[in-house]
Amino acid sequence: MKLKTFLLLAVLTMFVALPQLITVKYYLHLCILALIWVIMAQGQNLIQGYTGYVSIVQAGFMGIGAYSSALMGSHFGLPVGLTIILAPLVTAVFALVAGYPSLRVKGHYFAIVTLAFNMVIFIVLLNFTYLTNGEAGISGIPKPGYGRGAMIDFHDREVYYYFVLAIAVLITALAALIVRSRVGQILLAIRQNEDLVASVGVAAWRYKLFAFVISAMFAGLAGALYAHYQSFINPEIFGVAQSMDAILAVIIGGSGTLTGPVIGAFFVVFLPEYLRFADSFRLILYGLILVLATIFMPRGIVGLARDLGTRFRGRK
C-alpha cells in the first residue's frame, strides 16, 4: 500500500509539473485532449472492463454532451460552468432511453445495438441542421470564465490543462469509489457469471443500466470539456471510429483496472501523432500496432507491468 501511495503521488506530481516541462505548446494541446479522453475511457472501462459489456456508443454520448453544452449556452444564455455540469445529466437521459432496451441482449448483440445507436446519433447530428448546423458544425463556443471581469483566463492552455486535470482526477477517484463499493463487486460478478448473479436474486439489469448510464455521463462530461476547449465541434469527431478508440484505450491500457484507461487514453492520442512521419501508411501502422498489442498484451500495459513485477519479485 505504501508503494502504491508513493507511485500515485509521483504520477500526480508528474502531471502537475508537466506544463512546466513541455517546451512545444502543441504537446500541451495533446495532453489536454488525452486528459479529456481519460474521462471518456474511465466511463468505457466501467461498462466494458468491470461489467463485461462492450459498448460502441461512447463517442455518440460524447457528442450529445458536447452539443448539449454548446446549445444550452447559445440558446438559453446559461453560463459555461453550468452547461458543463448539465451536459452529463442530459446525456444520462439519452443513456436511459438507449440502455433499457439494449441491455436486454448480451454479448455481441449488445455491441451491435450500441453501434447502431452511435450511428443514429451521428446521423441526427449531421442532418438536424436547425440545431447542430450539420457538417459545418458550431463555432465560437465560449470557454469557462468567458467575459469581462473573469478571474481565470481559460484561453491559456496551461490553465485549461489544470482545469481538465482536476476533473480527470475527480472522475478517476469516483470510478475507484464505484468499483470498490458493493455495486462494483456486483458489476464484477456480472462480468464473471451473470446467470449466477441472477440466480441469487440480484436484479442484474439494474446494475448494468447503472454502469451504462454512468459511463455515458462520463462521456457527456468529456464532450462538454472538449467543446469548450476547441470552441468548435462538428459530427465528424463523434463517429464510430472514435468509439472504437475508446474501446482500444481500455484494452491497451488494461481492462478492468483504474490506471489502464489513463495509459490507454494517452496512447491513442499520442501514437497517431508520432506516426505522422509515415504519411499515407500512418493508419496502417497504427492498426498493426494495435493488433499486435492486443495479441501479445491481452491484459494491457498494466497487466504486462504486473506480470513483470511478479517475475522480478519471484527471482529475488
Side-chain angles (χ1 to χ4, degrees), residues 36-51 53-73 75-76 78-105 110-111 113-122 124-125 128 131-132 164 167-168 170-179 181-184 186-187 190 203-228 233 235 237-238 242-243 246-247 250 261:
I36 292 173
W37 270 86
V38 167
I39 298 169
M40 182 167 156
Q42 287 291 6
Q44 181 70 33
N45 189 40
L46 194 62
I47 185 68
Q48 176 182 329
Y50 288 102
T51 313
Y53 277 71
V54 179
S55 172
I56 316 179
V57 69
Q58 200 74 345
F61 288 141
M62 185 180 180
I64 291 174
Y67 274 90
S68 61
S69 184
L71 292 172
M72 281 188 290
H75 286 262
F76 300 106
L78 298 178
V80 174
L82 182 58
T83 63
I84 291 176
I85 294 172
L86 292 176
L89 301 178
V90 174
T91 311
V93 174
F94 283 90
L96 280 170
V97 174
Y100 187 77
S102 60
L103 285 167
R104 292 182 176 274
V105 296
F110 173 79
V113 170
T114 54
L115 171 64
F117 275 121
N118 201 146
M119 295 177 67
V120 168
I121 293 170
F122 180 82
V124 170
L125 294 178
F128 196 22
L131 276 179
T132 65
V164 177
I167 296 176
L170 288 174
I171 288 299
T172 302
L174 178 58
L177 288 174
I178 294 172
V179 168
S181 67
R182 179 178 177 275
V183 173
I186 293 175
L187 294 179
I190 291 172
W205 69 270
R206 292 182 180 177
Y207 293 92
K208 292 189 296 182
L209 186 61
F210 169 81
F212 187 73
V213 171
I214 295 297
S215 171
M217 291 179 71
F218 285 7
L221 177 60
L225 293 171
Y226 178 86
H228 292 287
I233 50 173
I237 52 178
F238 305 121
Q242 285 69 34
S243 289
I247 294 171
V250 173

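These numbers were taken from a predicted model, which means no experiment stands behind them.
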Minimum-distance pair of heavy atoms, taken over all atoms of [X] and [Y]:
X      : Y      : result
Gly60  : Ile121 : O-CG2, 3.6 Å
Ile167 : Leu225 : CD1-CD2, 3.7 Å
Met40  : Gln242 : CE-O, 4.1 Å
Val113 : Ser102 : CG1-CB, 3.3 Å
Leu71  : Leu131 : CD2-O, 3.4 Å
Val179 : Tyr50  : CG1-CE2, 3.4 Å

Please report, to 0.1 Å, the donor-acceptor pairs under 3.5 Å made by any side chain of residues 211-223, with sequence neighbours excluded.
residue	atom	partner	partner atom	Å
Ser215	OG	Gly43	O	2.8
Ser215	OG	Gln58	OE1	3.1
Ser215	OG	Gln58	NE2	3.3

List, one per line, each side-chain donor-acceptor pair under 3.5 Å for residues 79-95, sequence neighbours excluded.
residue	atom	partner	partner atom	Å
Thr83	OG1	Ser69	OG	3.0
Thr83	OG1	Val80	O	2.7
Thr91	OG1	Ala87	O	2.8

Give the intermediate values and the outcome of side-chain contact (heavy atoms from CB on, under 4.5 Å) for residues Ile233 and Phe238. CA-CA 9 Å; Ile233 50 173; Phe238 305 121; 4.1 Å; yes

Counting C-beta onward and ignoring hydrogens, is there a side-chain heavy-atom pair between Phe117 and Phe61 closer than 4.5 Å?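 Of all side-chain heavy-atom pairs linking Phe61 with Phe117, none is under 4.5 Å.
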
Do Ile237 and Met62 come close enough that some side-chain heavy atom pair is under 4.5 Å?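 Heavy-atom side-chain distance check fails, nothing below 4.5 Å.
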
Approximate separation, where rounding is to 0.5 Å, of Leu177 CG and Thr172 OG1: 11.0 Å

Rounded to the nearest 0.5 Å, how far apart are OG1 of Thr51 and CG of Leu209?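 The CG atom of Leu209 is 11.0 Å from OG1 of Thr51, to the nearest 0.5 Å.
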
Run Gln44 and Trp37 through side-chain contact (heavy atoms from CB on, under 4.5 Å) and show every step you take. CA-CA 10 Å; Gln44 181 70 33; Trp37 270 86; over 6 Å; no

Distance to the ring centre below 6.0 angstrom and angle to the axis at most 45 degrees; does that hold for Arg206 and Phe210? no

Going by ring pair (Phe, Tyr, Trp, His ring centres under 6.0 Å), name the residues that satisfy it together with Tyr226, two or more places apart in sequence or in a different chain. none

Backbone N or O of [Y] within a donor-acceptor pair of the [X] side chain at under 3.5 Å?
X      : Y      : result
Thr114 : Ser55  : no
Gln42  : Pro261 : no
Ser243 : Ala59  : yes

With Phe110, the side-chain contact (heavy atoms from CB on, under 4.5 Å) member among Ile56, Val54, Leu103: Leu103

Evaluate the side-chain contact (heavy atoms from CB on, under 4.5 Å) criterion for residues Thr132 and Tyr67: first the C-alpha distance (whole Å), next the side-chain angles of each, then the deciding distance (0.1 Å), finally the verdict. CA-CA 7 Å; Thr132 65; Tyr67 274 90; 3.6 Å; yes

